[in-house]
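All remarks here apply to the structure that follows.
Quick note on labels: first sequence line is chain A, next is B, and so on, each numbered from 1. What's counted below: heavy atoms across the whole structure, side chains too, no hydrogens, waters or symmetry copies.
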Amino acid sequence: MAANEPESTQSKPAAISRRSFLFMVGTALNVVAATLLAIPVIRYVFSSFRRNVASQSWIKLGALDNFPENQTRLATYRNPYTRPWDGTTAEIPCWVRRLTGEKFQVFAINCTHLGCPVRWFEESHLFMCPCHGGAYYDDGSQASGPPPRRLYEYEYKIEQRQLWVRGGQLPTLSEPL
Amino acid sequence: MLRQIAIWIDDRLHLSKLFDSTAGHTVPANAGSWFYVFGSGTLTCFILQIVTGICLAFVYVPSADEAFTSLEYLNYDQPLGWYLRALHFWGSNFMVSIMAIHMTQVFLFGAFKYPRELTWISGCVLLLLTLGMAFTGQIMRFDQDAYWGLGIGAAIMGRMPFIGPNVVHLLLGGPIIAGETLSRFFTLHVFVIPGLLIALISLHLRLVLAKGINEYPVPGQEVKRESYAEEYEALLKKEGVPFYPKAIDKDLVFSSLVMLGILACAAYFGPKGPRGIPNPTYIDTVRAAFYFPHGRKKSPAPAGRCFGCDICVSHIGKLDSSGDLRSVVAAHGGLERHSHAGAICARACAAGIAGRARAAGKAVPELSQPGR
């Protein structure tokens with residue numbers, strides 16, 4: 001065994017031994033492998049962190065005749081950002097207020113305070129939120145309570161006497177529709 | 001013979017040494033007080049939650065479509081499924097309460113001072129993780145409360161400056177609540193946060209053993225960093241007793257009372273919901289609007305137990321404008337069509353419908369009930 005000792009370690013005492021070189025190689029390889037593993041894992045977990053603006057799409061809400069003038073009605077649509085196993089969770093409601101002719105206001109169901117579903121009351125012409133008592137007038141502006149802004153409104157269009165809205169996103173204060 | 005087996009095992013596992021350094025470690029004699037039992041009480045709750053959680057995970061399906069159905073199956077068809085659900089629900093209530101009491105006791109006794117600062121800090125992180133478990137756990141119920149509660153959580157997260165919208169998308173697994181959201185919360189609740197909890201609890205316990213249980217505080221006696229270590233060692237020498245068997249008695253009693261309390265609450269109050277199919281278009285949610293005259297009242301259930309699942313409301317629809325549920329129920333073939341585990345559930349449904357009709361001031365429908 002003594003004959004196998006390389007002469008380099010005897011002649012240059014400050015040189016790296018084979019053991020420590022192998023250690024460094026092993027560490028470097030592990031760093032490379034860990035990085036190659038971390039990149040796809042982190043991209044997978046945080047894939048939704050970077051917002052995809054194209055997640056919104058045009059959704060058909062129904063024929064114009066379904067929404068009589070000067071009335072506010074509940075309409076529902078199937079969430080375009082859906083998974084095959086969503087079931088009834090993918091049915092999203094919204095409040096459609098038709099003014100006159102082709103002028104509409106389509107409000108999101110979420111209260112602007114914390115997101116609970118607001119309810120329309122024909123008797124008092126108010127949207128009221130059951131969670132903390134927020135109230136909005138029939139045009140969506142704040143009437144009372146904790147909501148900090150008016151109701152979120154969908155962008156809409158009329159095509160061939162059908163009402164379409166641009167949706168697919170949960171509206172929040174920092175990212176309204 | 002048994003002794004030889006024990007010695008054989010101990011030679012290989014070193015169990016007696018492990019025992020001496022953990023359960024048998026020395027504590028000051030005055031630390032055997034009732035005030036010190038809350039830490040082990042919290043641990044008892046945690047172990048109970050893991051056991052009941054595993055049992056529930058055998059049946060629960062974490063899919064947006066199937067979660068409600070699997071919970072109904074657990075409630076009505078799985079033998080003792082309702083009891084396991086109730087244990088898990090009440091276990092979480094007890095855990096948060098006892099953890100809060102434990103934190104208060106540690107604070108009032110000054111046990112966070114030198115050299116136990118890291119124990120306190122790890123405990124604070126454990127507090128946040130436990131509350132995270134409570135939040136993610138209630139999403140598992142995936143009923144109307146859970147769905148809109150998710151929206152509320154997202155709205156709160158959305159208020160963070162700069163990264164608010166990104167955090168919302170991360171939390172929901174997308175731009176809106178969809179199937180991915182439930183899966184994400186399930187993973188957090190079953191894998192990520194429990195893993196962190198187990199790791200941190202191990203650290204927390206290791207620190208408790210390493211630094212020792214603090215002695216009962218004496219008013220006016222200050223903790224001096226320079227001399228504390230020797231004072232504590234001297235105290236242990238003078239009046240230290242092994243935790244097992246001398247100081248464990250009160251912990252044993254309290255932990256058993258906690259478990260019995262959870263068992264009793266679970267048996268008496270039953271599980272929570274699920275209340276209402278998580279269909280976002282059902283916006284007349286179960287929550288009572290406090291400023292309305294006819295809020296939701298607890299339905300009297302003389303014959304069966306109404307779990308408040310709201311299947312009667314969800315399936316059969318809102319009370320129709322005539323105020324009479326009879327026609328609506330009849331249109332759905334009456335209650336006989338639905339035979340979840342027989343007569344008990346049909347009676348519960350009838351009780352629930354009757355209660356809701358009464359609460360809303362409408363005529364109570366006569367509903368024929370199968371059997372009994």
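Atom NZ of A:Lys103 has 12 or fewer neighbouring heavy atoms from other residues, nucleotides or ligands inside a 6.0 Å radius. When the shell of 6.0 Å around CZ of A:Arg78 is examined, it contains more than 12 heavy atoms from other residues, nucleotides or ligands. Around CD of A:Glu122, the count of heavy atoms belonging to other residues, nucleotides or ligands within 6.0 Å exceeds 12.
Interface remark: A:Asp86 contributes backbone and side-chain atoms alike to the contact with chain B (heavy atom separation under 4.5 Å). The contact between B:Leu172 and chain A is made entirely by side chain atoms (from C-beta outward), counting heavy-atom distances below 4.5 Å. Heavy atoms closer than 4.5 Å to chain B are found in the side chain of A:Pro148, but not in its backbone. With a threshold of 4.5 angstrom between heavy atoms, A:Leu173 approaches chain B through side-chain atoms but not through N, CA, C or O. Heavy-atom distances place the side chain of B:Ser183, and not its backbone, under 4.5 Å from chain A.
The two atoms that bring A:Leu74 and B:Thr281 nearest to each other are CD2-O, 4.1 Å, heavy atoms only. The two residues A:Gly87 and B:Asp65 have their closest heavy-atom pair at CA-OD1, 3.1 Å. Between B:Ile177 and A:Asn79 the shortest heavy-atom distance is O-ND2, 4.0 Å. Residues B:Gly164 and A:Ser174 come closest through the heavy atom pair C-OG, 4.2 Å. Nearest heavy atoms, B:Trp148 versus A:Gly115: CE3-O, 3.6 Å. A pairwise comparison of heavy atoms in B:Arg159 and A:His113 identifies NH2-O, 3.5 Å as the closest pair.
Interface summary for chain A: among B:Gly151, B:Ala155, B:Gly173, B:Pro165, the most heavy-atom pairs under 4.5 angstrom belong to B:Pro165. Between chain B and the residues A:Thr82, A:Thr76, A:Thr172, A:Thr89, the largest count of heavy-atom pairs under 4.5 Å involves A:Thr89. Chain A forms more heavy-atom pairs under 4.5 Å with one residue of B:Glu180, B:Met160, B:Met157 than with any other, namely B:Glu180.
A:Trp85 CH2 to B:Leu182 CG: the interatomic distance, rounded to the nearest 0.5 Å, is 11.0 Å. To the nearest 0.5 Å, the span separating CD1 on B:Ile176 from CD on A:Gln56 amounts to 9.0 Å.
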